[in-house]
Each structure stands twice: as structure tokens, then as C-alpha cells.
Amino acid sequence: MQDYLQGLNAQQREAVLHRDGPLMIVAGAGSGKTKVLTTRIAHLMATGVDAFNILALTFTNKAAKEMKERIEKVLQNSEARNLYIGTFHSVFARILRGEAHRIGYPNDFTIYDTDDTKSVIKTVVNELNLDDKHYKPAAVYNRISGAKNALVGPVEYANDYAIQQEDMRTNRPAIAQIYDAYVKRCYKNGAMDFDDLLLKFYELLKNVPESLSKYQRKFKYILVDEYQDTNPAQYEVIKLLGAMHENVCVVGDDAQSIYSFRGATIENILQFQKDYEDAKVVKLEQNYRSSKSILDVANEVIKNNKGQIPKNLWTEKGEGEKIKLVRLNTDNDEGKYVADTIQEQKLRNHYNNRDFAILYRTNAQSRAFEESLRRMGIPYTMFGGLSFYSRKEIKDYVAYLRVIVNPRDEEALKRIINYPVRGIGKTTIDKTVLVANQNNISMWEVLERAREVGFKAGTLEAIENFVVMIKSFASMLQSKNAYDVAVHVGKQTNFVKELFNDKSTEGVQRYENVQELLNSIKEWTESPDTEEGEVNDKGLGSYLQQITLLTDADEKDPNADTVKLMSIHAAKGLEFGCVFAAGLEEMLFPNALSINSREELEEERRLFYVVITRAKERLWISYANTRYRFGNLVQNEPSRFLEELPEQYVDRSFAGGGMRNQGIGNRSAYDRMNGGGWGGGQSANQAEKRYGPPPSKKASTPTSTTPSYISPKPQNKPVEHVPSADFVASDVSNLQVGQRVEHQKFGFGEVVKMEGSAHNPIATVKFELNGEKKIMLNYARLRIIE
DNA sequence: GATATCGGGATTTTT
DNA sequence: TCCCGATATC
Ligand SMILES: Nc1ncnc2c1ncn2[C@@H]1O[C@H](COP(=O)(O)OP(=O)(O)OP(=O)(O)O)[C@@H](O)[C@H]1O
């Protein structure tokens, strides 16, 4: 038997050895899912499957890299570099780079990041004479993104009653129009946003049979990690790709589904078994990561969610340390407490910096921890900040390169057309855009034909110089490599010199960053050849596509001996000896924006489950009475999740005097009062004054009332049907023909037909007042009456 | 057309 | 508190 099989238990081995046919592994945290996936790939390769025929999809680039390295280690060769392994986005982008021309995009298409995307939306909103204060680009994009991830196009979006009603409710009826214009604009710009990478790849497979069969044949084995966080678009792509061989292996944990805001749905787990009726399902139940205390606490917490797939996670490990629940006075105290404790643990229990992680709900919480760690001289790495490539000076530089590769990239063009200043100001740009829109040509083309437009002489000259310059860069790219061109661009445009002349500290830093960018391009240019069949792999175009998909996490060394700071989302899949789960406060965690439905609240709870299960040996859970928010001191009550911690594994006394210690049902809302007596000596000098009554009374059942701090939503205009007073949307995932339902606007009716895909089910309902209507269940709110 | 200053909005999570 | 973008002013 191969060595790598030795370290596996029976179920794990079964999953690894299962060769052909669909396979699903559903298992709790720390049960070795990722390990199984990795070993399975190694095993396939070791037993004759060519790496070129394996597609592995991970959640982050980091995870992909790690998996690749582990496989190399197991197999003792470098075959793993021939695997197609990466995030959905990066793998699909890579394929589209060879195929995009078949669906009307240039292969050198630009990938728009969130900033570009929001900027395009803003442009489009203004062009439609709408107010971008009301149609906030971020909000509009959320809506569009949601639609794309559910495979709902602009036409369907505009024609769907429920979607429209929702947009009416939020008083943004024009989103459909914006969506349509946005899609057209991206297409015109030769650009895809993040969601398009999934959507366009799906369309390619759906509409171009040659491409479909090419990749179906290529990918004999498909493996997907973190399956619970895939969205419908991803689901459909996997289904198409896997249809020929059906060697699809998915691995996930419904209890760790935390990306619904990105369109992820655990429906995909259920649907998998429906689509592949002969799918083998393997459960892994032994947890190898956490102490018994930690595991039991996690199991206990997640029990508060309804409808989890039942799992029986157990461990051979001993109880270990109790969980420490710590209350602090302020966010700064929390930071200080954590830093102090890390220091103490390092001394007392000989931990290294890398054994600690500080995890929080929102990135904004990082500050207090950074400050206190810095003061104590403890090295740390913070994830979730700006990516290197999203720094301004880098984006500016990159914008030049983008325009060279794809002159239709309007966002990049606008960014650099007058930077460094060359006398092409706002007036000129506005005019250019206007002419472009009137003639339905690109901005670039207008610049090329500036003579025909009638600019002032000086302006015209500036434009023509600019055009000539960009063209010379583009033609240089024909004969020179990406690095040489990039250096040349920096010189010719005066861009680098201008930065060099700025001797302020930030200026020097910016200059260094630009040098760093050039280094990275050089590395790219000189990187060893990858595979067959790739288009211009080391060119500027693929470099640009690739860096857009990098996050700051990909730039930092996860193995460095530093304390790690990151959001809980970013910590998915990772493990640490000691974990600090910070900011367990109402409004923050669960977040104020996620307590308006059971679904949202349960996702917050899953997030809590995720953070608990990151810990191997020790876990601290902390919360503060007050913290700064936008410079104002706010008070928060302890998180409702704290009430769910089983008392026997929790050490509250650690938090110092004044704490109650009363069993599980103890309502932590009452936990506040008297400010005195915090433990750990952090409380030297706080202002103990403001302990007024709590800001809102806490409802013990989260669904029943709308908390007073949520402002009431504007009500709909009068409708034909007045909804029942007790109208609540039902779970319609199992809606059947014949059931009686109530719709808020259409009134009562009976389901007469079910159709549509699994991800986009459509019910035809015959309403007493309004006749037959097609209702998209993903969006509509229906109450099932019987 | 370029630059300085002021004010408002931001924080949920990410590819 | 900080950052960006709109506006006023040169
Ligand atoms: N059979 C085994 N024997 C010993 N250790 C194991 C075994 N299987 C897994 N482990 C260890 O358990 C830990 C968790 O494994 P892994 O990260 O693969 O779990 P996971 O199920 O993917 O977790 P999560 O759901 O949190 O992502 C790792 O440190 C891994 O090395």
C-alpha cells in the first residue's frame, strides 16, 4: 500500500480510493476533508491519471498553492504543476483566455475588479440621468452580482415580477435598466467582471459545443473543495464539465457555509445527490484538529441552527483547556488583553507567534490589535487589507499596461489619460465620452480620430501625442517581452520619474512599490514554461488578468512566524493552536445587518462555528462593553451567541469579578451593569461614566420583532391584495403542485405547475384574483397555506 | 485646466 | 477617524 494512505482512517481511505463515478464528502470541521481531497489527487496521479486531466477547484489561491505543494511532497515529483488547480475564477479566466473570442470577447479581455466595476456602474447610472447618490454603485452591483450568480440575465431580471417588486420596495426601479446598460458597456470595453468569469465560461460551455467537448474530454477528474460555498453558476459549470466522465468529487460542510452574500447556496449539496443518483456519499466523523472542549462547544453552538445535515463529530483528544470567555471594557482593552495574553502564553507554554490567530467579524476591528501588538513588539501579519495591486500608484501604472493590451478598456483609459498631467482635462474627457456614446464607438476610437471631432488646437495636439505614444507601446509589445515594455512605459510617460522626485516618505514608498511591480513583471516573464495549449502565457495580457485575481492573502506568507490577524471569512479552512475570537457583541457579531431573518442569523452562527473550530488547543472569546465606531464611542451588549456556550467547558471567572456565572440559560444581556472589577488589570483609567440603560431591549427570539434600531423600510404603494397580517414568507424549496399559497400582491392561489432549473425554480400559480402567474421562487415571497 | 479645501459617508463578509 | 470626491478658486 502506498505510504500516503497510511495516515488515513477507514472512511478517508474509502474516499481516496473511490475511483470513478460521482463522490460527495460531507463532513464537519477538522475531519480531514481537505486532506482527503489532496490525497485523492495524489493517488489518482500515482495510479496512472495524467495531471493534465485533473481539475481541482479551491476557494482561495492560497489553498490551491498549498494543495499543489502537498501533492508534490507526497509524490516526490513536480508533476503537480501540470494540474489545473486554482479558484473557480482563476481557472476559468485561464481557460477563457484561449476561448473568449468564440463568445465575442478579445482573448486579451480585461478583468474588472470591484473598483472598476463600481466605476462603470457609476458612469452608466449618470448616463441614464439617474442619481448616483440614490443608485449607489456598491448597492447596485450587489444586486447585479446576485443576479449573475443565479444565472439571471438582464432580460429575465427586467421581466421577473418578484425581482422588480423588490427593486420597487427599495425604491430603485431602474436597476434592471442599469444592469442592461452595464452589461453592454462591459462588453463594449472588452471586459469581464468577477462574476462574468463564471457566467461567460458557463455561456461558452453552453453555446459552443466544441469548447464544451474539449474541456469535458480534458477534465476526466474534477474535484471541488469548500463545496458548501459554491453558487448556482459554479454548480452549473461543474455539471456541464463533468457530464462526460461524471468523475466529480465534491467536499464540503453545510455548517461552514458562510458566503451566501456572494450567491453561495448549500442547495448545491442537496442538488448534487439529485443530479447524480448513484453518487457515493462518504461521511467523515472523527475530528483531528481540536480538543474535546473546543469541539463540544462548537457542536453545541451549531445545534441552535435548524436543518443542518446531522453529523456526529467526535475526537480522541482529551478535554484540554476550557474556553476562556473574557469581557473587557473597551476595544482598546480587548487589544491589550489579547496582546498580553499572547505574550504570557508564549512564555508559559512555549508557543510561537505563528500559533496564534486573532479572528474577527469585520476587518475594521483589526486596529486595536495591531496597535497593541506593535506596542508589545509582537510580529504580526494582517490579512484583508489592500492588495499590493490595489495601491493607487500600482493601479495607475497597471492602467497603462491595460490600455496597451486592450485599448477599449475605458476604465483604465480614463485613469491614465491625464496622468501624469498632459493637458487632457475633464472637459475634454467628457466630450470624448459624449462623442463615443453618440456614435457607439469606443473612447479610444474617438481619440484616434480626434481630428474629426474638432478639439482646440492645443488639446488636439495633446491627444494625438498620447495616442501615438500608446500605439508605440503596443507595437513594441509585438517584439519585446512584458517586462521591457513595462519599463519603457514608465520612462516614456515620465511616470516613474515623477514618483522618484517625490521625496516625502509616502512618495519614496510609492516609488519602491513601483519598482516592486516591475520586479513582479520580470519574474512573470522569466517564469518557467507551464503547459501546452496556453495562449501567450508569459505575456502582458495574462499577467494583467492574473494579478486582478490576487488578494492580499496571496501575497503574504502564511507560514511566517507571526501572529495572524484576519476576518473569520478569511480564516476558513485554516487552523491554529490558539485562537482569539474577538468582538462577540450584538450589532457586531451577529452583525446588525444580518439579524433580519433566520437565514441571516443562522449564517452568523455558522460563522461563529467556523471561528471556534479553527482552534486546536486553546480558544479565547472576548467582547467589549464599548468600542469606537467612526470616532464615536458606542455601547454594545454581549453577543446572543455567548448564551449558547455550554457552561461546563467555559471559564468565565477568568473575566474577573462582577461576572455572573449562572448556567446556560443565563441571559447575557443582563451581564452588563456595574463597570467595576474587570479582570486582568486592564481597567486602569477608563471613563466608567456611561453605563446608562442598554440601548435596546433584547428579544430572546430573534425572529419575532424588528429591533428598534432598524429604521422602518418604506412601505409599498397600495396593492390589489392586502396581505394577511401574519404574512411570512415560507420556505418554498419543496413547493409542490396543488399547494395553496398567498402572494403579497397577487393574493391567494394554487400552484398548478413547477418548472425551471433546480437553481431557478419557477412555479406557475393560479391566483383567485389575478389569474395564472409565473413566480420565480428564488425571489418571490410566498406563504404556503396548506 | 490645475490645485486646494471642505464635507460627507463609511464597515459585513470576498473572488 | 480617515479617505475620497465634489466644489471653489487660481
Ligand atoms: N487520519 C488523520 N490522522 C491524523 N491527522 C489527520 C487525519 N486526517 C486529518 N488530519 C489532520 O486534521 C487537521 C484538519 O484536516 P483538514 O484541514 O483536512 O480538515 P477539514 O475537514 O478540511 O477542515 P475544515 O472543514 O475546517 O476546512 C489537519 O491538521 C490534518 O492534518
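From a predicted model like this one, the values you see are computed outputs, not experimental measurements. Chain identifiers are assigned alphabetically (A, B, ...) following the order of the sequence lines, protein sequences preceding nucleic acid strands; residue numbering begins at 1 within each chain.
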Nearest to the side chain of A:E604, which nucleotide is it out of B:dG1, C:dT1, B:dT12? B:dT12
Using a 4.0 Å heavy-atom cut-off, does A:D195 contact any base of the nucleic acid, only the sugar-phosphate backbone, or nothing at all? nothing
Return the orientation label for the A:F92 and A:F201 ring planes: parallel under 30°, perpendicular over 60°, tilted otherwise. tilted
Can you give each donor-acceptor pair under 3.5 Å made by side-chain atoms of residues 427-435 of chain A, sequence neighbours left out, with the distance rounded to 0.1 Å?
residue	atom	partner	partner atom	Å
A:D430	OD2	A:K426	NZ	2.9
A:K431	NZ	A:G454	O	3.2
A:T432	OG1	A:T428	O	2.6

Establish, from distance only, whether the side-chain atoms of A:Q365 and A:D331 form a donor-acceptor pair under 3.5 Å. no
A:R262 (side chain) and B:dT13 (base): donor-acceptor pair under 3.5 Å: no
Is A:F261 stacked on the base of B:dT12 when the test is centres under 5.5 angstrom and planes under 30 degrees? no
Would you say A:N142 places a side-chain N or O within less than 4.0 Å of OP1 or OP2 belonging to B:dT12? no
Review item, nucleotides 6-10 of chain C N/O atoms under 3.5 Å of protein N/O:
residue	atom	partner	partner atom	Å
C:dA6	OP1	A:K122	NZ	2.7

Backbone N or O of A:R640 within a donor-acceptor pair of the A:E586 side chain at under 3.5 Å? yes
More 5' along DNA chain B: A:A364 or A:V421, using each one's nearest nucleotide? A:V421
Tell me which one of A:D409, A:T548, A:D195 satisfies side chain to side chain donor-acceptor pair (under 3.5 Å) with A:Y112. A:D409
Distance alone, cut at 3.5 Å: any donor-acceptor contact between the side chains of A:T110 and A:N406? yes
